[in-house]
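Working notes for the structure below.
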Number of protein chains: 2
Amino acid sequence: MDNPFAPPGHDHASCVLSALDAAEAVCARRGERLTPLRRRVLELVWRGHRPVGAYDLLAMLQHERGRVAPPTVYRALDFLCEQGLVHRLDSLQAFIGCGQAADHQDGREDGRHRAHFLICRDCGIAVEVRDGQLDGAISHLAGRAGFAISDETIELSGRCADCQNEWIMGA
Amino acid sequence: MDNPFAPPGHDHASCVLSALDAAEAVCARRGERLTPLRRRVLELVWRGHRPVGAYDLLAMLQHERGRVAPPTVYRALDFLCEQGLVHRLDSLQAFIGCGQAADHQDGREDGRHRAHFLICRDCGIAVEVRDGQLDGAISHLAGRAGFAISDETIELSGRCADCQNEWIMGA
DNA sequence: ATTCATTTTGTTATGTTATATCATTTTGTG
DNA sequence: CACAAAATGATATAACATAACAAAATGAAT
Ligand SMILES: [Zn+2]
Ligand SMILES: [Zn+2]
Ligand SMILES: [Zn+2]
Ligand SMILES: [Zn+2]
């Protein structure tokens with residue numbers, strides 16, 4: 001029983017810093033360019049641990065730079081997703097910073113990697129999780145079916161431990 | 001190694017018939033109304049084993065009834081999804097007939113149930129799969145995190161066995 | 001430094017998916 | 001029939017995403 005959800009009062013500034021540092025390192029190693037725009041979008045995605053919509057990011061950028069069009073945001077997000085620094089949550093049509101960017105093992109040629117999520121419907125927080133047993137079950141299932149996996153969308157929605165407790169406590 | 005993908009030349013008419021029969025039975029048992037529109041939309045979803053977009057369905061309906069607006073389709077799809085007769089594939093933003101409607105165990109109050117998919121990017125076919133080991137891994141993962149799952153989005157994209165063989169054969 | 005190809009960003013327009021709202025019709029019930 | 005509830009029709013709009021082309025920034029080679 002170890003709750004992987006970041007507690008409300010944690011030092012989030014350090015989450016952001018380590019994400020940006022990891023991004024710099026990853027891009028440097030691969031010869032990719034983490035431009036000011038891309039870096040800023042990554043920073044905005046890391047505003048919190050809640051998935052962010054592309055148009056929310058667009059609004060934030062417009063607030064700080066005036067006219068910005070959707071392609072600007074989507075291109076930055078595409079880059080960040082390719083590098084595995086951001087993930088898209090298909091069930092929410094929203095984006096979240098990668099929680100494993102530091103331990104990037106470079107599963108593929110590009111920077112993408114398996115990413116599985118728990119998403120709390122009450123507090124809205126999503127966390128990237130990694131589980132060997134789950135990975136094994138998926139590989140085994142695909143193997144038996146003769147299926148060659150190239151992408152996994154695994155998103156579990158429900159209520160995190162904290163939100164369940166709040167109900168019990170009557171908060 | 002048992003390939004769960006329906007082969008190209010199978011008797012699809014019987015897939016459709018059994019899906020419609022199962023739907024009638026499920027709705028009758030629950031006191032829900034499988035109206036002509038809903039039944040027709042279900043039939044159209046079952047056109048094949050490839051996920052269908054809502055606007056594709058809309059076009060088909062318009063072709064046979066003249067003016068039809070998006071809400072007509074989405075309402076029918078909402079109903080069918082609630083009854084577990086159709087599933088939405090979040091990674092594709094498309095819908096597919098439930099492959100387990102016959103063995104409906106009614107996991108919940110409404111007709112929804114766990115649904116996991118293999119989706120072939122070459123032939124476009126998607127199949128609903130069920131795997132005890134996968135279910136167990138998910139439950140175990142959630143349990144350890146103190147997370148209460150209410151919905152699962154599990155969609156594995158890649159290449160089905162047949163499409164892999166076609167490449168080898170040079171077809 | 002100047003050229004030049006490549007990459008990134010800006011800009012405009014449009015495409016795709018989904019929902020809100022209210023009117024009308026159909027259905028089941030007393 | 002009268003009535004309430006459920007389903008459908010109709011209009012408008014919201015939310016998410018991409019195509020296509022122009023301009024600017026970058027990096028490498030002369
Ligand atoms: Zn944090
Ligand atoms: Zn929560
Ligand atoms: Zn079939
Ligand atoms: Zn295939």
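This is a predicted model, so every value here is computed, not measured. Chain identifiers are assigned alphabetically (A, B, ...) following the order of the sequence lines, protein sequences preceding nucleic acid strands; residue numbering begins at 1 within each chain.
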Donor-acceptor contacts under 3.5 Å from residues 13-28 of chain A side chains, at least two apart:
unit_1: A:Ser14; atom_1: OG; unit_2: A:Asp11; atom_2: O; d: 3.1
unit_1: A:Ser18; atom_1: OG; unit_2: A:Ser14; atom_2: O; d: 3.1
unit_1: A:Ser18; atom_1: OG; unit_2: A:Cys15; atom_2: O; d: 3.2
unit_1: A:Glu24; atom_1: OE2; unit_2: A:Arg39; atom_2: NH1; d: 2.3

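- Here B:Arg144 pairs with A:Asp131 in a salt bridge; the nearest charged N to carboxylate O distance falls below 4.0 Å.
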Return one dot-bracket line describing DNA chain C 5' to 3' (Watson-Crick or G-U wobble pairs, both distances under 3.5 Å; ( ) same strand, [ ] crossing, | another strand, . none).
-> ||||||||||||||||||||||||||||||

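- Under the salt bridge (charged side-chain N to carboxylate O under 4.0 Å, His left out) criterion, A:Asp78 pairs with no residue, sequence neighbours left out.
- Here the side chain of A:Gln93 pairs no donor or acceptor atom with the backbone of A:Gly53 at under 3.5 angstrom.
- Rounded to whole angstrom, the span from the CG atom of B:Leu77 across to the P atom of D:dT8 amounts to 12 Å.
- Residues from residues 67-74 of chain B that place a heavy atom under 4.0 Å from any atom of DNA chain C, listed by number: B:Pro70, B:Pro71, B:Tyr74.
- Comparing B:Glu32 and B:Tyr55 along DNA chain D, the residue whose closest nucleotide (by nearest heavy atom) sits nearer the 5' end is B:Glu32.
- Remark: A:His140 engages no residue in a ring-ring contact (aromatic ring centres under 6.0 Å, His included) (not counting sequence neighbours).
- Taking B:His116 as the reference, nothing meets the ring-ring contact (aromatic ring centres under 6.0 Å, His included) condition, with sequence neighbours excluded.
- Whole-Å rounding puts the B:Arg39 CZ to D:dT8 P distance at 14 Å.
- For residues 142-165 of chain B, the ring-ring contact (aromatic ring centres under 6.0 Å, His included) pairs, not counting sequence neighbours, are A:Phe5-B:Phe147.
- Taking a 4.0 Å limit (strictly below) on heavy-atom distances, residues 118-127 of chain B does not reach DNA chain C anywhere.
- Position along DNA chain C of the nearest nucleotide to A:Arg38 versus B:Gln93 favours A:Arg38 as the more 5'-ward residue.
- In this structure, A:Arg75 reaches the bases: a heavy-atom distance under 4.0 Å links it to at least one base atom across the strands shown.
- Rounded to whole Å, the distance from CG on B:Asp78 to P on D:dA6 is 16 Å.
- Along DNA chain C, read 5' to 3', the first and last nucleotides having any atom under 4.0 Å from a heavy atom of chain B are C:dT17 to C:dT27.
- Side-chain contact between A:Cys160 and A:Leu118: absent, with no pair of heavy atoms (C-beta onward) separated by less than 4.5 Å.
- Annotation: of the two residues near DNA chain C, B:Arg33 and B:Phe95, the 5′-most nearest-nucleotide partner is B:Phe95.
- Contacts of B:Gln62 classified as side-chain hydrogen bond (donor to acceptor under 3.5 Å, both in side chains), with partners at least two apart in sequence or in another chain: none.
- The interatomic distance linking A:Asp56 (CG) with D:dA14 (P) rounds to 16 Å, in whole Å.
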Check against salt bridge (charged side-chain N to carboxylate O under 4.0 Å, His left out), B:Arg112 and B:Asp151 = CA-CA 9 Å; B:Arg112 282 191 241 251; B:Asp151 255 300; 5.6 Å; no

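- For A:Arg65, the side-chain contact (heavy atoms from CB on, under 4.5 Å) criterion is met by A:Leu37, A:Arg40, A:Leu61, A:Val68, not counting sequence neighbours.
- A:Leu89 belongs to a hydrophobic cluster with A:Leu92, A:Ile96, A:Phe117, A:Ile119, counting contacts under 4.5 Å between side-chain heavy atoms of Ile, Leu, Val, Met, Phe, Trp and Tyr, direct or through other members.
- Atom CZ of A:Arg47 has 12 or fewer heavy atoms from other residues, nucleotides or ligands within 6.0 Å.
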